[in-house]
Amino acid sequence: MTEAVIRNKPGMASVKDMPVLQDGPPPGGFAPVRYARRIPNKGPSSVAIFLAAFGTFSWGMYQVGKGNKIRRALKEEKYAARRAILPVLQAEEDERYVKEWKKYLDYEAEVMKDVPNWKVGESVYNSGKWMPPATGELRPETSSHEMSVSAI
């Protein structure tokens, strides 16, 4: 197709003879160009976010407090049970101590029978204070094996 057919002007000899067609704006003009930064207002506000975070934190602290109360009650129950059973345990330990002390005195009497003026069970220290043994043994320098062998 030629330009003459398109423009409906037959017999044109030159491009200069063609009528000028220029693009222009549509009737009423173009829509305005949006160049400003307009961020849509979506989501919660900063106050709402702050209140939600504060509420969550407060609820969490409340749960921690409840857990602390439960843990404290369990701990107190455990300590009360220990306090209740302590006299029984102390009586058993005292009984064990007396048996071991008697064994030790027998052992001491046998070992020191040839030493003149030796008093069995008398302390070599002159402090006048009695202290219970800190360990399970009565005298660390003697093992229970030595005492059991000497008793045989």
Side-chain angles (χ1 to χ4, degrees), residues 1-3 5-7 15 20-152:
M1 258 190 177
T2 62
E3 193 67 31
V5 174
I6 291 172
R7 293 186 185 225
V15 176
V20 177
L21 279 178
Q22 184 176 0
D23 287 337
F30 288 108
V33 177
R34 186 175 154 221
Y35 61 90
R37 186 171 181 213
R38 292 190 182 100
I39 300 172
N41 187 11
K42 293 181 181 175
S45 67
S46 60
V47 172
I49 292 172
F50 175 77
L51 290 176
F54 181 76
T56 304
F57 176 78
S58 299
W59 180 80
M61 293 279 61
Y62 171 73
Q63 293 297 322
V64 167
K66 276 181 27 179
N68 285 344
K69 285 181 182 178
I70 292 169
R71 192 172 30 248
R72 192 178 313 121
L74 291 174
K75 192 185 230 184
E76 178 56 35
E77 181 182 351
K78 180 172 75 172
Y79 287 153
R82 286 182 182 179
R83 284 191 303 267
I85 200 170
L86 185 65
V88 175
L89 295 176
Q90 187 63 50
E92 287 179 358
E93 176 59 23
D94 290 346
E95 184 180 2
R96 186 202 66 81
Y97 177 80
V98 167
K99 285 180 184 176
E100 290 294 321
W101 183 248
K102 285 181 182 177
K103 277 188 201 176
Y104 176 75
L105 290 180
D106 293 342
Y107 175 73
E108 184 180 357
E110 185 179 329
V111 170
M112 302 302 284
K113 65 184 171 191
D114 297 331
V115 177
N117 298 328
W118 182 263
K119 296 179 184 170
V120 175
E122 186 175 297
S123 176
V124 294
Y125 302 107
N126 296 320
S127 67
K129 294 181 182 178
W130 181 84
M131 295 294 289
T135 64
E137 299 178 19
L138 293 175
R139 301 286 169 107
E141 66 271 6
T142 61
S143 67
S144 57
H145 175 71
E146 290 176 12
M147 290 173 56
S148 64
V149 168
S150 67
I152 295 175

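For this chain, numbers begin at 1 and follow the sequence in order.
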Taking all heavy atoms of Val120 and all of Leu105, pick out the closest pair and write down the distance.
CG1-O, 3.5 Å
For Gly121 and Trp101, which heavy atoms make the closest approach, and how far apart are they?
O-CZ2, 4.3 Å
May I ask you to test the Lys75-Tyr79 pair for a side-chain heavy-atom distance under 4.5 Å?
yes
In the structure I gave you, are the side-chain heavy atoms of Glu93 and Leu89 within less than 4.5 Å of one another anywhere?
no
With a 4.0 Å cut-off on N to O distance, would you call Glu76 and Arg83 a salt bridge?
yes
Quick one: side-chain hydrogen bond (donor to acceptor under 3.5 Å, both in side chains) pairs with a partner in residues 47-72, sequence neighbours left out?
Asn68-Arg71
Should Tyr107 and Lys103 be marked as a side chain to side chain contact (heavy atoms under 4.5 Å, CB included) after you check the CA-CA gap, both sets of side-chain angles, and the distance that decides it?
CA-CA 6 Å; Tyr107 175 73; Lys103 277 188 201 176; over 6 Å; no
Can you measure from [atom1] ([X]) to [atom2] ([Y]) and round to the nearest 0.5 angstrom?
X: Glu108; Y: Lys113; atom1: CD; atom2: NZ; result: 14.0 Å
X: Asp114; Y: Met112; atom1: CG; atom2: CE; result: 9.5 Å
X: Leu74; Y: Lys78; atom1: CG; atom2: NZ; result: 9.5 Å
X: Leu51; Y: Ser46; atom1: CG; atom2: OG; result: 9.5 Å

Tell me, please, which residues at least two apart from Glu92 pass salt bridge (charged side-chain N to carboxylate O under 4.0 Å, His left out).
none
